[in-house]
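Beneath this line is the structure, given in structure tokens, with notes to follow.
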Protein chains: 2
Amino acid sequence: MPVINKQKTTKTATLSRNSEATKTQLLDAAEVEFAVTGLIGARMEAIAAHTGVTKATIYYYFPSKEELYRAVLGRCFTEALGMMEQLQLDCLPADAALVRLLEQMLDCMSQNPRIGSILSLEAIQNKGKYYPKHLGDLLYGTIIEILNQGMTAGVFRELEPRHTAVNIVGTCTFYFTAQENLKYLWPGKRLLGKDLLQRHRQESIDLIMAGVRN
Amino acid sequence: MPVINKQKTTKTATLSRNSEATKTQLLDAAEVEFAVTGLIGARMEAIAAHTGVTKATIYYYFPSKEELYRAVLGRCFTEALGMMEQLQLDCLPADAALVRLLEQMLDCMSQNPRIGSILSLEAIQNKGKYYPKHLGDLLYGTIIEILNQGMTAGVFRELEPRHTAVNIVGTCTFYFTAQENLKYLWPGKRLLGKDLLQRHRQESIDLIMAGVRN
DNA sequence: AAATTTACTGACTCATTAGTTAGTTTAACC
DNA sequence: GGTTAAACTAACTAATGAGTCAGTAAATTT
């Protein structure tokens with residue numbers, strides 16, 4: 001393993017055996033593990049092994065399994081939050097804004113389907129204890145706002161915005177979280193392959209838009 | 001605890017300390033446990049304690065944790081299958097048939113939201129290893145058939161039936177499985193309470209029907 | 001090059017867990 | 001009322017898992 005440090009004496013930016021990289025790798029491995037097993041089911045040993053370090057190394061970076069879980073959630077949803085914030089929907093009419101938001105959500109799930117699994121497990125196993133409410137507020141708040149706007153403008157039919165928002169999010173996530181139960185519906189095809197994903201994206205947007213439009 | 005047996009000598013129907021009842025109670029407790037933790041996370045001790053017996057009693061009835069899990073799944077989906085089969089949708093036009101099916105699915109989830117959780121966990125944790133394919137075939141097969149029929153009849157728009165079927169099931173389940181993450185959207189209200197449930201049922205049906213109709 | 005700090009490990013502890021077994025209690029049948 | 005079989009338990013085993021700690025190796029500083 002050559003090349004550890006590129007800059008030599010830039011403050012504390014570079015660390016001896018590259019602790020920043022190790023930490024990131026641990027978070028990556030932990031994300032995968034938590035996305036399959038949830039908090040309780042996750043094995044610290046498995047996370048360590050997958051990272052190529054010993055279990056004790058995890059405790060060098062994170063005080064406990066629970067805090068590691070919090071860190072994983074934090075990183076996931078900071079990402080998602082960033083994507084949401086750069087959407088700039090205010091200047092768009094309601095229907096265009098909703099299409100844009102749907103595209104973003106579906107692409108987000110395609111890029112990292114683990115987010116959906118983690119949130120599902122979080123709800124089912126931990127009763128939402130670690131659920132990042134500010135993300136929920138932002139996501140559901142944005143959808144509800146768009147729906148209200150659309151109703152006022154007359155482009156959307158009269159609907160209950162909160163229930164509809166929940167159903168929209170459900171539509172954007174189910175395909176990904178239930179993947180493994182659904183795969184036999186498309187024998188021999190990869191559900192996260194380019195063509196099926198593309199098709200699913202379009203079908204989901206069409207269904208929702210037809211569902212809300214007047 | 002008085003009254004154990006009502007009929008006295010009806011074959012082997014009545015058992016000494018009522019084994020049939022114990023078995024049912026064990027399955028009930030196991031269903032609750034598995035619906036929260038999944039197969040790997042479930043604690044046999046917890047299932048036993050909740051039933052009011054010792055752990056060893058479970059092994060008197062079931063050879064292993066895995067077989068207990070299989071038995072729980074079996075019972076859940078025999079129920080669901082029974083509900084599906086008595087629907088009699090063949091004689092109905094596509095749109096009425098879909099409404100009927102949606103009502104049934106939503107009511108099924110309302111009555112036992114654990115089904116959705118168990119299926120979600122099954123997909124995420126076990127990669128669908130124990131997923132009852134015959135149930136999936138029946139459910140998705142029925143929806144796809146109705147959608148095709150509706151397109152032929154011209155009452156439904158041109159859509160891809162499989163993706164749409166997945167989205168329909170997603171809409172019918174997400175509210176229930178993600179309950180605990182969503183509760184803060186309705187502060188002070190019970191998501192599975194009569195009024196919210198009723199409202200959600202109607203909103204979901206409206207969204208889907210508007211989404212598929214021509 | 002010696003001293004110090006940072007990154008990391010091996011070998012532990014103690015709690016928990018699936019599964020077992022030998023034995024006990026309760027009811028059923030004669 | 002004594003025998004037998006079914007229902008159930010207490011007390012185990014063996015394995016695994018979260019978390020600890022003393023110590024080592026590599027890099028950085030002096």
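Here is the naming used below: chain letters follow the sequence lines, and residue numbers restart at 1 for every chain.
Regarding Asn18(A), its CG atom lies at a distance of 17 Å from the C1' atom of dT5(C), rounded to whole Å. Separating the NZ atom of Lys65(B) from the C1' atom of dT20(C) is a distance of 17 Å, rounded to the nearest angstrom. The separation between Glu45(B) atom CD and dT13(D) atom P is 17 Å, rounded to whole Å. Atoms CG (Leu68(A)) and P (dG17(D)) sit 16 Å apart, rounded to a whole Å. Distance CD (Glu66(A)) to P (dG19(D)): 9 Å, rounded to an integer number of Å. Separating the CG atom of Leu26(B) from the P atom of dA7(D) is a distance of 12 Å, rounded to the nearest angstrom. To the nearest angstrom, P of dA18(D) lies 10 Å from CG of Leu39(A). For Ile40(A) and dA15(C), the CD1 to P distance is 21 Å, given to the nearest whole Å.
In this structure, Leu138(A) CG and His134(A) NE2 are separated by 9.0 Å, a value rounded to the nearest 0.5 Å.
Contact annotation for Phe62(B): no contact, since no heavy-atom pair falls under 4.0 Å across all strands.
Between Arg43(B) and Glu33(B) there is no salt bridge, since no side-chain nitrogen of the basic residue lies less than 4.0 Å from a carboxylate oxygen of the acidic one. Between Glu67(B) and Arg70(B) there is a salt bridge, since at least one side-chain N of the basic residue sits less than 4.0 Å from a carboxylate O of the acidic one.
Under 4.0 angstrom from either OP1 or OP2 of dC21(D) there lies no side-chain N or O belonging to Tyr59(A). In this structure, Thr54(A) does not reach the dC8(C) phosphate: none of its side-chain N or O atoms is under 4.0 Å from OP1 or OP2. Remark: Thr57(B) is not in phosphate contact with dA7(D), judged by side-chain N or O atoms under 4.0 Å from OP1 or OP2. Taking 4.0 angstrom as the limit, Thr22(A) places none of its side-chain polar atoms (N or O) nearer than this to OP1 or OP2 of dA7(C). Remark: Ser19(B) is not in phosphate contact with dA6(D), judged by side-chain N or O atoms under 4.0 Å from OP1 or OP2. Between Tyr60(B) and dA7(D) there is a side-chain polar atom (N or O) within less than 4.0 angstrom of OP1 or OP2. Close to dT16(D), at under 4.0 Å from its OP1 or OP2, lies no side-chain N or O of Arg43(A).
By the neighbour-count criterion of 12 heavy atoms within 6.0 Å, atom NZ of Lys133(B) is densely surrounded, having more than that number from other residues, nucleotides or ligands. Within 6.0 Å of atom NZ in Lys23(B), 12 or fewer heavy atoms from other residues, nucleotides or ligands are found, so the atom counts as exposed in its surroundings.
Applying the 3.5 Å distance criterion, the base of dG17(D) shares no donor-acceptor pair with the side chain of Lys55(A).
Looking only at atom types and distance, the side chain of Glu31(B) has a donor-acceptor partner in the side chain of Asn112(B) under 3.5 Å away.
The end-to-end axis angle of the helix from dA1(C)-dT30(D) to dC30(C)-dG1(D), rounded to 10 degrees and based on five pairs per end, is 10°.
No close placement of the Phe174(A) and Phe174(B) rings is indicated, their centers lying 6.0 Å or farther apart.
The residue among Ala56(A) and Ala42(A) whose nearest nucleotide of DNA chain D lies closer to the 5′ end is Ala42(A).
In terms of heavy-atom proximity, Leu147(A) sits nearest to Ala165(A) at CD1-N, 4.1 Å.
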